[in-house]
Amino acid sequence: MFDLPVLSLMTFLPLVGVLFIVSVRGSNEEVSARNAKNTALFTSLFTVALAVYLAVQFDVSDAGFQFVEKYSWFPSLGISYYMGVDGISLFFVLLSAMLVPICILASWHAIKKRVKEYMIAFLVLESLMIGTFCALDSFLFYVFFEAVLIPMFIIIGVWGGPRRVYSAYKFFLYTLLGSVLMLVALLTLYVQLGTSDIPTLMENPVARDLQIWLWLAVFASFAVKMPMWPVHTWLPDAHVEAPTAGSVILAGVLLKMGGYGFLRFSLPMFPEASELFAPMVFWLSVIAIIYTSLVALVQEDMKKLIAYSSVAHMGYVTLGIFTATTQGIEGGIFQMISHGLISGALFLSVGVIYDRLHTREINRYGGIVKNMPKYATVFMILMLGSVGLPGTSGFVGEFLTLVGVYQVNTLVAVFAATGLILGAPYMLYLYRRVVFGKQMNDDAAKMSDLTKREMTLFVPLVALVLYLGIFPGYVMDRLHPSVDRLITLYESGLQKGEERRLAALSGDASTVAQIKPAAGMSEQEVTFVPAIAPSYAGKEDLPMPIINYNE
Amino acid sequence: MNLNDLAPLYAELSLAVLSMILLVYGVLQKKGEIARKVAYGGCFALIIAGMFLYASPHDQDVRLLNGMFVHDGFGVFVKTLILIGTGAALMMSIQYMYDEGFARFEYVVLFLLSALGMMLMVSAGNLLGLYMGLELQSLSLYVLAAIRRDSIKSAEAGMKYFVLGALSSGMLLFGISLIYGFTGSIDFVAIGEYAASENALSNAGLLFGMVFVIAALAFKISAVPFHMWTPDVYEGAPTSVSAYFAMVPKLAAVALIIRLLMGPFDGLAEQWQQIMWLMAAASILWGGFAGIAQTSIKRMLAYSSIANIGFALIGLACADEQGIGATLVYMALYMVMTAGAFCVVLYIRRDGLAAERIEDLAGLSQTNRYLAYVMAFFMFSMSGIPPLAGFFGKLVILQAAVAADLYVLAVIGVVGSVVACFYYLRVIKVMFFDEAEQALDKSESKARHFVVTLCALIVLLFIVKPEPLINFAMHAAQMIS
């Protein structure tokens, strides 16, 4: 089972495709564009095949990391090439692998200039996204996480709309500013604990004062990526200007990196700080849900409307994650997966009519149910999924999240549930204005229905939205052990903090954190400490350095 | 004295002898492309010097000429980079000299002499050795800045550089005399012993002397607040010379600062750490913010070099082995990125004239795809975006800063790097998002093509095997501290 390095294959296979595209030349522009498209599609489909293999081989009962690969990469800095997935990251890997071929197919005719580079950008993006979710070394994670900015910047800037330059800059600089603060936090963790192994870091929370600072630094990164109110303003701009496929990836996968980061870093590594800041996150999320739902209601641009709805939906995710309850976290993750499918598909459906009429203005459409019945059906299912109708995947995530929140904070639950109601009108209103009503625009009334290619794009997404809405068990079974383990880690972290506080009160400093091996690691691996990092190996009786910020 | 005792000096001696031979050859030669031939000879001389450098014993401290010359692993590391950097700058220059009409063989000889000066100064074992090495390189560089003497800009650049350089030399000499007066020695070991003793801190003369010396050297690395000459000189000097200025003399001067601070002034670490902290923070922020307003790509790269020096100084502010190692790694990677970026600038010629505005790169991704991608790598790398080499430079520096508890400085560093990112992104924006301008002139320089390709490969593939450079630098840092 572990003989095939599936994760590395999945991560680097798209780069092999890039090499092919770079090296293969066509006799003229058209041929080389077609070659590039075919190579990209073929490579990404091959990655999907590997993803299916991954999903089949995944051991449902195992809560720890599977398919682990670990090689020494940067020994003098203690950074290793360390990959693995657990129940939480598995679905993000699958989602990334699945959305890329859809994106490539969606751009088949829409992209006319610099096709080769476009395909390269998407394959590089795929490689980096999968890498981000598989990395189990904090620096490796950072490398993938940050490198995503490069292809996305190019995608928005080269193939985007009229205000693409502004949006690309805003996207890049906003996210970069958050990320670099996280880099400092990761370095601090590394210097404090002498390792950059995520599993080891998760089991050894640092001192409370430090946790608070580090939590804030990491939060700066993931909150921007998520995006949470009030740092969400880059998202509507980026979505509006990005080409359709860019929006799909942005909404489908890149936003999830924020939520994934909260689950991997904030919650297990800084449990005390997470507990402390949870109320703040709750209120920010509630504001996001209510405020952006209201903002979405008045949008005239379809993409902008869906972008704002994404911010609202991500509000549920942060809400669920920071309840630190089983239902809340599982709901949050489920919501992310479901949102990845639904909003991805919604952006695609905007793309479909945009390709025909070249406008995203809602008023330019109307009554298209008459000439596009198939489209109207697909759009309806997706719209209802976004609203959270029972039977679609959107419902499961939101419901579980609310159950989780209710256990922790009733008042927040009340507001969040109100947000659920507010979520319905803007989508229904959008649907009514675009699909129903009088056919006021002749050109809109003449649009042709979905082509075969477009149907191929929607079928898997719509099928999954319905399947997961009716049988959420497939996801839940795999999520459950890992989420349980996460909560155990979180609670033991809180307990350790409590013990430390008591020990500090009684003046005994010797119980301050020591490095313990993570599950599945031998003692030796842990005591390996890089040459230039401060070594605590063999000095377990020394207290860990604690930074006094009052000085 | 036996000639074999001088073995560690062979690299410098060979470079000195070969540059004299090239000078004589250039004078005697009457026709043909003399400058080109001498330039190839210069590259050969650098290779010979490099071979002698490696043949010499490197794992021990050897002190020669009554302690004036120190040979150690640190020196070997820095000299290797100096030789490589000088070689790269020479190769970039060959075609450019002819394009711009200043093809004189003296250009090459001056390159070699300045490299010799730098090698001597990083090996300095006392204050006089330091001063002589520094002056040898500075005087060569003044002439290089003004080598296109019929151009007003070039002459102005040379003049500015000379006046401010002379000022800094004055400050250096003043500092040296204070140190000599208050410690009674010019030898680094003796000064180090004094500085480590109890009464060093109450000795205001020594402290003043040290501050003057640091200020003088800060001119050479163009750290804020001693940076004002940099943009003007970079803009005015021929681009190949600016490239050289940005790459090699900075590295050598940083190495010299390391040698001074970790050697004779080691005992005063708490004093100079504050200076380094302030210069690092100021350089990063000033280099970041002031660069935004630039329209000339050479000025932009000048501000970028200021910001990068700020980053390198973070490592010095740590005042420990890890910090020094990080600074060396950073400077090495910075040299590669700068060489590449300037190399691309050398390509930007239309109708036989050099174009130096950022807008002149417009649509490069359509007219010259290769160059555009390579430049994008350098710009993203300078912004510190993984997986490119520049990120690892920043990573080691920040790690050293965090390990030394310099959290505030680390945060200033990363925020400054985001600010600087704005102007690096503008280059990418102009190349990729804007509409194409008239195509560039065809370049026939194979040497330049080789340098730019090599730099791009290093920047792109450093992630695969980062270990050798880092180990080499860390070893060098161990030797010095």
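Residue numbers begin at 1 in each chain, while the letters A, B, ... track the order of the sequences. If you're wondering where the values come from, they're calculated on a predicted model, not measured in any experiment. Scope of the values below: all heavy atoms of this structure, side chains included, with no hydrogens, waters or symmetry mates.
Among the residues in residues 377-384 of chain B, those with a non-hydrogen atom closer than 4.5 angstrom to a non-hydrogen atom of chain A are F380(B).
Every residue two or more places apart in sequence or in another chain was checked for a salt bridge (charged side-chain N to carboxylate O under 4.0 Å, His left out) with E69(A), and none qualifies. The salt bridge (charged side-chain N to carboxylate O under 4.0 Å, His left out) test applied to D237(A) returns R163(A), K170(A), not counting sequence neighbours.
Interface remark: L176(A) contributes backbone and side-chain atoms alike to the contact with chain B (heavy atom separation under 4.5 Å). Neither the backbone nor the side chain of A217(A) comes within contact range of chain B; no heavy atom of the residue lies under 4.5 Å from a heavy atom of that chain. With a threshold of 4.5 angstrom between heavy atoms, I428(B) approaches chain A through side-chain atoms but not through N, CA, C or O.
Here the closest heavy-atom approach between residue P386(B) and residue A147(A) is recorded as O-CB, 3.2 Å. Considering every non-hydrogen atom in both Q192(A) and Y407(B), the closest pair reads NE2-OH, 4.0 Å.
Residue Q366(B) holds its CD atom at 7.5 Å from NZ of K113(A), rounded to the nearest 0.5 Å. Here the straight-line distance linking atom CG of L398(B) with atom OG1 of T188(A) works out to 9.5 Å at 0.5 Å rounding. With values rounded to the nearest 0.5 angstrom, S365(B) atom OG is found 7.0 Å from E117(A) atom CD. Remark: I79(A) CD1 to Q399(B) CD distance equals 7.0 Å, nearest 0.5 Å.
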List the atom pairs, with distances to 0.1 Å, where a side-chain N or O of residues 409-424 of chain B and a protein N or O form a donor-acceptor pair under 3.5 Å, not counting sequence neighbours.
{"from": "S417(B)", "atom 1": "OG", "to": "V414(B)", "atom 2": "O", "distance (Å)": "2.8"}
{"from": "Y423(B)", "atom 1": "OH", "to": "G287(B)", "atom 2": "O", "distance (Å)": "2.9"}
{"from": "Y424(B)", "atom 1": "OH", "to": "S304(B)", "atom 2": "OG", "distance (Å)": "3.0"}

Task: Test log, rule side-chain contact (heavy atoms from CB on, under 4.5 Å), inputs F172(A) and I385(B) - done: CA-CA 11 Å; F172(A) 196 99; I385(B) 310 291; 3.6 Å; yes
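Remark: the backbone N or O of I463(B) is paired with a side-chain donor or acceptor of W73(A) at under 3.5 angstrom. Y169(A) places a side-chain N or O within 3.5 Å of a backbone atom of R426(B) that can act as its donor or acceptor partner.
For an aromatic pair to be called close, the ring centres must be under 6.0 Å apart, and F391(B) with F139(A) fails this.
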